[in-house]
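Quick notes on the structure that follows.
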Amino acid sequence: MVSRSAEAKALGIKMGAPLFQVRPLIEQHQVQVFSSNYALYGDMSYRVMSYLASVVPELEIYSIDEAFLGLHGMERYTKPALNDFAQEIREQVNQRTHIPTCIGIAPTKTLAKLANHLAKQDTACKGVLLLDSVERQWWALGQVPVEEVWGVGRQYGQKLRAMGLDTAADLACCSEAWARKHMGGVVGARLVRELQGTPCHQLHASEDGTLARKSIAHTRSFGRPLSKFDDLLGAVAAFTSRAAEKLRAQGSETYMMTVFLGQNRFGPTPPPYTYSAQITLPTSTSNTTDLVRAARALLEKLWQPGLLYKKAGVIFDGLEGHGQPQLSLFEQLPEVQRPQSAALMRKLDQLNSRFGQNCVQVATAVAAVPKGTPAPWLGQKRQCSLARTTSWKDLWEIG
DNA sequence: TCTGGGGTCCTAGGACCC
DNA sequence: TCTGGGGTCCTAGGACCC
């Protein structure tokens, strides 16, 4: 259970609880359960972000369901005007997507997150909280338990409580030097300064309403544990293909690749549970066949006969913008060397986008799979909702 | 039987180079 | 052979985020 409605939370279904543990509750109260549906979420997110990009000077997409809006140049607006502006945004997003939102406005990202947190909690805010004075900022800081501050996780939360710091305000009273010493160095120092109202985190604006990642990964747990090299190769090749698609979709190339295998963390085997290997490629690429070849080499280093693996993943780091890779003087642009490669990948992406994911795949990803059977690494998505907005076969039918 | 899938930034040590 | 002050890259891991 990763995302729960207010009603589900009220039943006591915990974040991260595995389905089998809450099965009785679910049956008793007829709780509706859905597998994750990334295609639908991604498309709805894109609709919201595109709208936001059209109404504010700067937009940073922070995650699939959160964004920072830069309001620079709007400081002169009075409090009611800013509140009205935020309300208008909420109404528009709701009209277009039926997605409810809350907005926190403050001089730093950390304070804006804190304001947003309070706006969600207190219905009197009507979804918007503006912290436009030092007095209101300190009032807000006093309302929030320290572990709910953005950047304070479980470890620091416990540590701060043990030191008698209970609220965000207590933390904001600490000195930068203290935070540097006790909260992970420069990270903690910035956190405290942000709480005090001094911006330390820039806005990383995205101009086109999409998010350009610095690393791209595709990782999955298998439907059942796998041990044979060929099965794992199939999985790793399929994951590499998906990650390479994501890479091309954001117009990037990679020169660093990691492959990892994971064993069952809940099983009888003691740690380590994951084994990983990394390679630096001689030149940046987004070509699926090149990347699958590299993935295979990494897997050959990792794989041990007799071990049962439950999970695998492929991660691309060292991303470079396509067309402007940082090459040394003596290297050729990859696309100049192999002009047909880019065209082939474009065709591959077009086919898969038009006729469905995995319509065309690299042979390595399917070689080990007998005809007519699902790939052994696929998870069981038993309760998937439909991809209403991104798949022809799942369109709403009205009749 | 069943236990998610992504990301970010920072630190530190060792190899290697000038 | 020892001394010294840089720098980069690679690798691994920790803490946090959604």
Side-chain angles (χ1 to χ4, degrees), chain A residues 1-4 13-24 26 33-39 41-42 45 60-68 109-110 113-114 116-117 146-160 179-191 194 200-202 204 211-225 239 242-243 246-247 250 255-258 260 262-267 271-281 298 301 310-319 326 328 377-384:
Chain A
M1 297 304 196
V2 170
S3 180
R4 302 148 298 149
I13 296 175
K14 295 272 186 295
M15 168 72 180
L19 186 58
F20 74 93
Q21 276 178 11
V22 290
R23 183 79 69 188
I26 284 184
V33 177
F34 299 97
S35 305
S36 47
N37 186 339
Y38 302 117
Y41 310 154
S45 173
E60 174 184 337
I61 299 169
Y62 177 64
S63 72
I64 198 160
D65 69 347
E66 261 184 274
F68 291 103
K109 283 184 167 179
T110 310
K113 288 275 289 182
L114 192 128
N116 177 272
H117 179 78
V146 74
E147 52 278 311
E148 267 149 56
V149 171
W150 187 46
V152 177
R154 223 182 47 211
Q155 309 285 331
Y156 290 139
Q158 284 175 7
K159 184 168 168 181
L160 294 172
R180 195 177 286 272
K181 188 171 171 198
H182 293 100
M183 292 189 69
V186 65
V187 180
R190 287 204 278 248
L191 198 164
E194 283 250 324
C200 300
H201 297 298
Q202 288 182 345
H204 306 280
L211 181 55
R213 295 279 179 203
K214 294 179 176 177
S215 70
I216 284 178
H218 191 81
T219 72
R220 285 288 182 278
S221 298
F222 305 142
R224 58 179 169 85
F239 298 175
R242 273 297 298 145
K246 295 187 209 170
L247 197 62
Q250 75 161 46
Y255 62 84
M256 272 169 66
M257 178 179 197
T258 304
F260 73 82
Q263 294 193 279
N264 185 4
R265 287 179 297 137
F266 306 96
Y273 300 116
T274 61
Y275 304 86
S276 73
Q278 197 170 32
I279 190 174
T280 301
L281 302 168
L298 291 174
K301 277 207 245 174
K310 193 71 179 76
K311 182 177 180 174
V314 173
I315 304 162
F316 299 147
D317 286 297
L319 268 42
Q326 292 155 17
S328 81
W377 56 85
L378 289 181
Q380 323 97 321
K381 290 206 168 184
R382 280 183 284 219
Q383 350 236 6
C384 206

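Note on naming: letters A, B, ... go to the chains in the order of the sequence lines (proteins, then strands), and numbering restarts at 1 for each one.
Using a 4.0 Å heavy-atom criterion, one finds that A:Gly184 contacts no nucleic acid atom at all. Heavy atoms of A:Asn264 sit nowhere under 4.0 angstrom from any nucleic acid atom. Residue A:Val149 is classed as a sugar-phosphate contact, given heavy-atom separations below 4.0 Å to backbone atoms only. Contacts of A:Ile216 with the nucleic acid, taken as non-hydrogen atoms under 4.0 Å apart, involve only primed sugar atoms and P, OP1 or OP2. Within 4.0 Å (heavy atoms only), A:Gln21 reaches no atom of the nucleic acid at all. Across all strands shown, A:Gly185 has no heavy atoms under 4.0 Å from either base or sugar-phosphate atoms.
Atom CD of A:Gln278 sits about 9.5 Å away from atom NZ of A:Lys301, to the nearest 0.5 Å. In this structure, the separation between OG1 on A:Thr274 and NZ on A:Lys311 is 8.5 Å, given to the nearest 0.5 Å.
A:Ile315 has its CD1 atom 17 Å from the P atom of C:dC10, to the nearest Å. Between A:Ile279 atom CD1 and C:dT11 atom C1' there is a gap of 14 Å when expressed in whole angstrom units. To the nearest angstrom, C1' of B:dG5 lies 14 Å from CG of A:Asp65. Rounded to a whole Å, the CZ atom of A:Phe68 is 14 Å from the P atom of B:dT8. Distance A:Arg213 CZ to B:dG5 P: 16 Å, rounded to the nearest Å. Whole-Å rounding puts the A:Phe316 CZ to B:dG5 C1' distance at 16 Å. Atom NE2 in A:His204 sits roughly 17 Å away from atom P in B:dG7 (whole-Å rounding). In this structure, A:Gln158 places its CD atom 11 Å from P of C:dA15, rounding to the nearest Å.
Judged by Watson-Crick or G-U wobble contacts below 3.5 Å, the nucleotide B:dC18 has C:dG5 as its partner.
Of all heavy-atom pairs spanning A:Gly188 and A:Ala179, the tightest one is O-CB, 3.5 Å.
Taking side-chain N and O atoms only, A:Lys113 has a distance below 4.0 Å to OP1 or OP2 of C:dC18. Close to B:dG5, at under 4.0 Å from its OP1 or OP2, lies no side-chain N or O of A:His218. Phosphate proximity of B:dT1 to A:Arg224: absent, as no side-chain N or O sits under 4.0 Å from OP1 or OP2. Side-chain nitrogen and oxygen atoms of A:Ser221 include at least one within less than 4.0 Å of the OP1 or OP2 phosphate oxygen of B:dG5. Look at A:Ser215 and you'll find a side-chain N or O under 4.0 angstrom from OP1 or OP2 of B:dT8. Contact check, A:Lys214 against B:dC9: a side-chain N or O comes under 4.0 Å of OP1 or OP2. For A:Arg265, a side-chain nitrogen or oxygen approaches OP1 or OP2 of B:dG4 to under 4.0 Å. Distances shorter than 4.0 Å separate none of the side-chain N or O atoms of A:Thr280 from OP1 or OP2 on C:dC9. At the phosphate of B:dG5, neither OP1 nor OP2 sits under 4.0 Å from any side-chain N or O atom of A:Thr219. Phosphate contact (OP1/OP2 of B:dG6, side-chain N/O of A:Lys246, threshold under 4.0 Å): present.
The side chain of A:Glu66 sits closest to C:dC18 out of B:dT11, B:dG7, C:dC18. Here the side chain of A:Phe20 is nearest to one of B:dC10, B:dC2, C:dC17, namely B:dC2. For A:Arg190, counting side-chain heavy atoms from C-beta on, the closest listed nucleotide (C:dC18, B:dT3, B:dC9) is B:dC9.
Side chains of A:Arg220 and A:Phe239 form a contact here, defined as non-hydrogen atoms less than 4.5 Å apart. Residues A:Arg213 and A:Lys246 fail the side-chain proximity criterion, which asks for heavy atoms closer than 4.5 Å. Looking only at side-chain heavy atoms (C-beta outward), A:Arg242 and A:Val314 stay at 4.5 Å or farther from each other.
Straight-line distance between the P atoms of B:dT3 and C:dC18: roughly 25 Å, to the nearest whole Å.
Ring planes of A:His201 and A:Trp150: perpendicular class, angle over 60° (limits at 30 and 60°).
Two residues, A:Asp317 and A:Lys310, neighbour DNA chain B, and the one matched to the more 5' nucleotide by heavy-atom proximity is A:Lys310. Both A:Ala212 and A:Pro225 sit near DNA chain B, but only A:Pro225 has its closest nucleotide nearer the 5' end.
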